[in-house]
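Single-structure report; data block below.
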Number of protein chains: 2
Amino acid sequence: MNLRELSDLLGLSQTTVSRALNGYPEVKEATRKRVTEAAETHNYYPNTRAKSLATGRTMSIGHVIPLSSQHEMVNCVFSDFIAGAGEAYARQGYDMRVSVVDDSDEAKAYERLATTGKVDGVIVHGPLIDDERIPLLDRLGLPFVVHGRSSNCTAPYSWLDVNNRSAFRRATDFLLDLGHVRIGLVNGFEEMDFAMRRRDGYRAALEARGIAVDPMLTHAFEMTEPFGYAKTCEMLRSDDPPTAIIASSLIPALGVRRAVEERGLTIGKDVSIICFDDALSYLPNGTGSPIFTATRSSVRDAGRRCGEMLMDQIEDRTAGPVHELWEAELVVGGSTGPAPQR
Amino acid sequence: MNLRELSDLLGLSQTTVSRALNGYPEVKEATRKRVTEAAETHNYYPNTRAKSLATGRTMSIGHVIPLSSQHEMVNCVFSDFIAGAGEAYARQGYDMRVSVVDDSDEAKAYERLATTGKVDGVIVHGPLIDDERIPLLDRLGLPFVVHGRSSNCTAPYSWLDVNNRSAFRRATDFLLDLGHVRIGLVNGFEEMDFAMRRRDGYRAALEARGIAVDPMLTHAFEMTEPFGYAKTCEMLRSDDPPTAIIASSLIPALGVRRAVEERGLTIGKDVSIICFDDALSYLPNGTGSPIFTATRSSVRDAGRRCGEMLMDQIEDRTAGPVHELWEAELVVGGSTGPAPQR
DNA sequence: ATCATTTTCCAAAGCGCTTTGGATAATCTT
DNA sequence: AAGATTATCCAAAGCGCTTTGGAAAATGAT
């Protein structure tokens, strides 16, 4: 059942039927009612492809995910983000178009999305410190919202980020207050803006107390469980091991925990752990009281909000860039305690 | 730059340019070369919306994910699946359209996808035992592939599944061979087909040795870490606690581990653990030797293959349904050992 | 050289919708 | 009651592509 058939059936023109269905004012209420009822009973839904072509809008938002051998974009954190974003999209009749691309031609993928008109806008995931995607999208004129920020980027753009620096500064201060001095950092790749900022917060807290950053205690890599495990093993084996470790995500924190326990040490006593908790729905940091002391900010909420911001921008393209900086909350769980006496 | 502009520029008709670009035979090689080169230099890419309308194909595959308060579809396993599927799509020029819907109108969402022509086919995730989506999609005539199976479903359909029954039978046998008798099961929701089959494999192994299934030892719920933790605590507190626990995923297994260790028991000695390992990229079961003894099957590979099967089906709609049953591999890690002596 | 084929290209008709620019009918002024 | 407004509807022109049904040009057969 298409528009022509429906309008023939009703003895009306396609124009009128289309207008009735789309809520235009130049159609009598009685007619509108007749049309909507007929559409209902005959199960008419406008063809998306035709509608897209006519309106120039696709009602879909692109998410480009690079598939690289060395860095996994698609992970638990990502899936919670898209769950949130997807929820926001659904509420406004959008949906999400995910294209997986080889990371060598990620730029081309964005270009293609823009020139072929597949999407009305995109979300930029995992921005690097000086991310080239931002000027590119700016140039392409495709609306976008960055989840995170990109330092050194001069072009104006909309973003939503958690205050990673203050979160890690706060976590580090918390440990310092407990008397810890040897504090390890298990971070994500530091080309990524969020990881760089987290390291910076960590560094600032230490330096404020006159403690130098020990390169032996700071590690940056893909945030997997085995990475947390391996680096913790390495640090604990050293002559001057850390008494506390900060992990950039719950997942490597699980590895940290495994390494600590395997060594027969007790968490929160021999070694304290703080992690950044994205409040993943499938991997919650405990249900009642938190397992790990953590700085927490829901990535799902972030997804939801990024989606909203982007749709707003698409709907009103004249509006300027919007920024939101969220503070992470510090939740104290059982994984931290006073530094052990020497 | 659109087709008309490009053809005007070349002094050719749109027909010829279109044909040259799409590899049709009725165009001289020299002309084709001239056209492709012009397209290249002028950065011409056909408008997807127009192309879709003209061809009736969208080159995109739908994934419907119900958003429910009590059951999370979007999880780590899901994200690895779509990474695999997305990779397959990318290779053949498809991409993925994800729509998040309230679970109360999931059926309507599929109907809408079909009638509005948003996608060329869909992947059905997490089939229930008698899943109504299968007859629905069959009726709608929308190509689809089910990741998993749906028992009791009479309509023919394509699916790819791991042999959940044999995997859990094997895991249970492995523990029985080690002398375990009290074996706990931390399963997913048993309305879901895979969970039902897993339970069945577990039951069959026990019954083959004349051991009755103890309801105190079998639990089914959302497969989160806290669920694994809570149920393990509960079981370990009982008068006749299990000496081994089988978990339906690595994630609840982490909770199982936490509960066991928190009680001061040793994994692989006091309590053995086997889990189903989906070989998640972000949460691998160890790098070299596995952490948990596990039955393993890569959900990412499954995603890739489901995607391929679906695209094949879309390309040749006359082909009958295809089935693939994958056997999970048993990998022995450090989490299992002989049953402790009484 | 003539006719039949094949090769190469084109004009025009969709695909199913939205939207512009009227026309007609109904209502309001005076 | 005639002219001015307004409410209601319509025909037709896109949106940018593919594809059908020829036409013209080139090639082959006789």
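Since the model is a prediction, treat every value here as computed from it, not as a measurement. Here is the naming used below: chain letters follow the sequence lines, and residue numbers restart at 1 for every chain.
Separating the CZ atom of Arg19(A) from the P atom of dG21(C) is a distance of 12 Å, rounded to the nearest angstrom. In this structure, CZ of Arg4(B) is placed 7 Å from P of dC15(D), rounded to the nearest angstrom. Atom CD in Glu26(B) sits roughly 17 Å away from atom P in dA23(D) (whole-Å rounding). With rounding to whole Å, Lys118(B) atom NZ is found 21 Å from dC15(C) atom P. As rounded to whole Å, 4 Å separates atom C1' of dC15(C) from atom CG of Leu53(B). Distance, Leu10(A) CG to dC9(D) C1': 13 Å, rounded to whole Å. Rounded to an integer number of Å, the gap from CD of Gln14(B) to P of dA11(C) is 10 Å. Rounded to whole Å, atom P of dG16(D) lies 8 Å from atom CD of Glu5(B).
Within 4.0 Å (heavy atoms only), Gly11(B) reaches sugar-phosphate atoms of the nucleic acid but no base atom. Thr55(B) comes within contact range of the sugar-phosphate backbone alone, with a heavy-atom separation under 4.0 Å but no base atom that close.
Helix bend of the helix from dA1(C)-dT30(D) to dT30(C)-dA1(D): the angle between its two end axes, each built from five pairs, comes to 40° after rounding to 10°.
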Start with the C-alpha distance between Glu37(A) and Lys33(A), add both sets of side-chain angles, then the distance that settles salt bridge (charged side-chain N to carboxylate O under 4.0 Å, His left out), and finish with yes or no. CA-CA 6 Å; Glu37(A) 275 167 6; Lys33(A) 188 147 172 287; 3.4 Å; yes
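With DNA chain C read from its 5' end, the first of the two nearest nucleotides for Val27(B) and Met1(A) is the one closest to Val27(B). For the pair Thr15(B) and Asn22(A), both in contact range of DNA chain C, the more 5′-proximal nearest nucleotide belongs to Thr15(B).
Here the nucleotide nearest the side chain of Tyr24(A), chosen from dT19(C), dC9(C), dC9(D), is dT19(C). The Ala50(B) side chain lies nearest to dC17(D) when the options are dC9(C), dC17(D), dC17(C). In this structure, the nucleotide among dC17(D), dG21(D), dC9(D) sitting nearest to the side chain of Ala54(B) is dC17(D). Nearest to the side chain of Leu12(A), among dT18(C), dC10(C), dC10(D), sits dC10(D).
Considering only heavy atoms from C-beta on, Leu21(B) comes within 4.5 Å of Thr36(B) through its side chain. At a threshold of 4.5 Å between non-hydrogen side-chain atoms, the residues Pro143(A) and Asp120(A) do not count as touching.
Within the model, atoms OG of Ser298(A) and CG of Asp278(A) stand 8.5 Å from one another, a figure rounded to the nearest 0.5 Å. Here Asp102(B) contributes atom CG and Arg91(A) contributes atom CZ; the two are 11.0 Å apart, rounded to the nearest 0.5 Å.
The two residues Leu160(B) and Trp326(B) make their nearest non-hydrogen contact at CD1-CZ2, 3.6 Å.
The environment of CD in Glu26(A) is crowded: more than 12 heavy-atom neighbours from other residues, nucleotides or ligands sit within 6.0 Å.
Taking side-chain N and O atoms only, Ser18(A) has no distance below 4.0 Å to OP1 or OP2 of dC17(C). Phosphate proximity of dT18(D) to Lys51(B): present, with a side-chain N or O under 4.0 Å from OP1 or OP2. A sub-4.0 Å separation between OP1 or OP2 of dA11(C) and a side-chain N or O of Ser13(B) is absent. Between Asn2(A) and dC15(C), a side-chain N or O to OP1/OP2 separation shorter than 4.0 Å is absent.
Distance alone, capped at 3.5 Å, places no donor-acceptor pair between the Arg97(A) side chain and the Gly62(A) backbone. With hydrogens and angles disregarded, a donor-acceptor distance shorter than 3.5 Å links the side chain of Arg49(A) to the backbone of Gly117(B).
Of the residues in residues 30-49 of chain B, those lying under 4.0 Å from DNA chain D by heavy-atom distance are Tyr44(B), Pro46(B), Asn47(B).
Taking the six-membered ring where tryptophan is involved, the planes of Phe144(B) and Tyr157(B) are essentially parallel, since the angle between them stays under 30° and well short of 60°.
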